[in-house]
Amino acid sequence: CSALRPNRNNNIFLNTDLENQFKAFREKAADAMPGSDWTPFEKNRSLPPERADIVIVGGGVVGWSIAYWLKQKEMIRDGVRVLVVERDPTYSQASTVLSAGGIRQQFSLPENIHLSMISADFMRNINEHLSVLNEDPVDLQFNHSGYLFLASEKVAHIMEENYRTQRYAGAKVSLLSTTQLKEKCPWINTDGVVLASYGLENEGWFDPWMLLNAFRRKAISMGVYQCFGEVTGFRYTTNTMTTAEGDTVDFRRIKYANVQMPNSLEYQPVECAIVVNAAGAFSGKVAEMMGIGLGLKDTIAGIPLPVEPRKRFIYVVHCPNGPGLDTPFLVDYSGVYFRREGLGGNYIAGMSPEEEEEPETNNLEVDHQFFQKIWPHLAHRVPAFECLKVTSAWAGFYDYNTFDQNGIVGMHPLVNNMFFATGFSGHGLQHSPAVGRAMAELILDGGFKTLDLSAFSFKRIMTKEPMLERNIV
Amino acid sequence: MLMQRSCRQVTLLAAPSRYWSSIPVAPPSLQPRLLLFLSQRFHDIETILSWSSWFKNRGLRQKNFFYGYTQQNYGDNIAAAYYILSLKGGFRFAGQSEWFRSDRRGKFNWDFMNHRDTSIEEVDVSNTLINYTGLENLVKQRGLCTLSVSGCAEVDDWFLSRLHIFQDTLEELDISNCPRISVGGLAALQKLRGLRRLDVSSLPRLQNPGLVAILLEEMLPHCHVTAIGYDHSLIYSHTQTDG
């Protein structure tokens, strides 16, 4: 009957008062029925769950990669309850989104080369791993332009040794002489360059935000809990044991992680079995909450986690006559690097400062004077860059490992259930898929199965044997 | 079969704003809408739909297996030839003029087995399912001059980056109509210094095809770049001209 079809407010008759009262009554009745969300007590839905198996401190790309791989490797559905705690929902200070986004295989340590190769393989098949049903496929916007390292006479022998290590590990790298370099890149000034090393495959740059969001979306679809809050402390039990010489050693086991809500004093103690420290540049602070480094000077308890934030600047420059589509990610021996950004003649440039000139890290302000140190090197290497204009700049933190600039992956000897995946000093993003898988194997299988990262454990920091990576950018 | 087709339609339906297609999608018919509705309400339907994409991946992997057994027993050239023919493509040996192709039903002439030691010079695998792992079967053909992967749905930027193997000999490359190629992969073509003819027509994911064609010509100075099938007309925004 056409007269009884519902109108815009879903009322059968015109908007009579009786009809509206019936509607309100129906809604209240539905709320009171069991199975609805209504409770008489006010519930803060942004609090994390009261109990979780694994708490990952830090929601950057490494944290979400570990969360995804933990869910991927669990043997039964909902086998582990994983909670990822991230302090900043806008990711305004996170190193992941502020990075230049490059991936390379040209390292000097075989473990780093393998990490990069596995991560590149992962990114190639990223839709097999991270696609969610009925959602858009993942597009990393990967530019396959490769990295080009230049060496002067002093460091050419190091480059040759690294080349041998890289080829042995299976990376596709080629060495170029000065004439070959000039032929390949006519816009380069080869003054001072003796040898160049170019990555042929699996090298380039991509969008880190897309990778982070792909991991996050897939992990959440597999049941990982996400919480925006800050871990402000831990509640732990201590087991004191004495050595043969009579010194006491405290072994701690975390029972609760206190997660404080943003802009509020409210906190939730999350009862957890394992805590993973993937807090990036701020991992040192998280480690201090457990008392790592606060013991007596010459004991293991006195060795702090050697990860601290270091500020790095990236400048966006515009040069209309610069090198074209074939610009690789060029890293000069002076430490200056640049890469193409987009198709409009824009480039991204930066340089790692010397140890003495490290900028202060209490904010992310950009020091524009620093560019005056970069420009001469850029203009010397690429004559077209003599007339360029800086259009924009930003700063980001490296989670800098002051000990040997390589990642720390593994457990701490004195805290029985805290795992570390931090300190990558600028290559955390490119190693994140492989590190996530290694951590998941360590946690769920008890040891590394596919790639042995025991060289990156905390042991080298205790025995003071640095594993230096010679090719840092 | 019906389920697979409707599963594909469901995924197409649920992502109407695919980043590589600026063509507005027509309103879908009843069956994929019903499947989408059911998959959002029931976990079982969702699991069955995800199995279908797993099966599709498995089919793709089987097409692109490494023909190790053939390579061990008959040599690299025969393995590459057999792989191309089983993909329903065609090739031409070096020094010969006739092409070996397989017909629509997958049947082909076994005469190519007589030429164990001749390497392959021209390969045409257009409109097939070749991908990065399948290229592993062709890497030993160091004398490859012409490669056509026009219209291949699985050829992406990683495939292009692997083509550096043929950097000395490859002269003609046809990558038109490949829906997965973007600018990042085209930047990898800089290593092909011997390239003389490049066809990048109708690549749906290119946002600025005219600019990319010019940049490619600058990057490969000896190469002739063909880039047809794009709409280069200016886009006017009508809303800004009103009051």
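In what follows, chains are A, B, ... by sequence order, proteins preceding strands, each numbered from 1.
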Most heavy-atom pairs under 4.5 Å with chain B, out of A:Glu128, A:Gln141, A:Arg340, belong to A:Glu128
message = Check B:Asp156 with A:Arg124, please: is the shortest side-chain N to carboxylate O separation under 4.0 Å?
response = no
ask   = With side chains defined as the heavy atoms from C-beta onward, is the minimum distance between A:Glu183 and B:Arg193 less than 4.5 Å?
value = no
dist B:Ser50:OG -> A:Asn134:CG (nearest 0.5 Å) comes out at 10.0 Å
Okay, B:Ser53 and chain A: the region with an atom under 4.5 Å from a heavy atom over there is neither
ring-ring contact (aromatic ring centres under 6.0 Å, His included) pairs touching residues 144-184 of chain B, sequence neighbours excluded, are A:Phe142-B:Trp158, A:His144-B:Trp158
Residue from B:Met219, B:Arg162, B:Glu218 scoring the most non-hydrogen pairs under 4.5 Å with chain A is B:Arg162
| message | Can you confirm whether B:Val183 sits close enough to A:Leu325 that some side-chain heavy atom of one is under 4.5 Å from a side-chain heavy atom of the other? | response | yes
The reported gap from CG in B:Leu186 to OG in A:Ser145 (rounded to nearest 0.5 angstrom) is 10.5 Å
Distance col, row A:Ser221:OG vs B:Glu46:CD, nearest 0.5 angstrom, shows 8.0 Å
Applying a strict 4.5 Å limit to non-hydrogen atoms, the region of A:Lys184 in contact with chain B is both
Interatomic distance, CD@B:Gln167 vs CG@A:Leu200, rounded to 0.5 Å, equals 6.5 Å
Applying a strict 4.5 Å limit to non-hydrogen atoms, the region of A:Tyr198 in contact with chain B is side chain
Rounded to the nearest 0.5 Å, the CG atom of B:Leu36 sits from the CG atom of A:Leu133 at a distance of 9.0 Å
side-chain contact (heavy atoms from CB on, under 4.5 Å) evaluation trace for B:Arg205 with A:Asp139: CA-CA 11 Å; B:Arg205 273 182 74 178; A:Asp139 173 28; 2.9 Å; yes
| field | B:Ser161 and A:Asn202: side chain donor to acceptor below 3.5 Å | value | no
Next item on the list: State whether the number of non-hydrogen atoms from other residues, nucleotides or ligands found under 6.0 Å of B:Leu211 atom CG is greater than 12.
Entry: yes
Basic-acidic side-chain contact under 4.0 Å: B:Lys191, A:Glu201 = no
Bottom line for B:Asp157: the part with an atom under 4.5 Å from chain A's heavy atoms is both
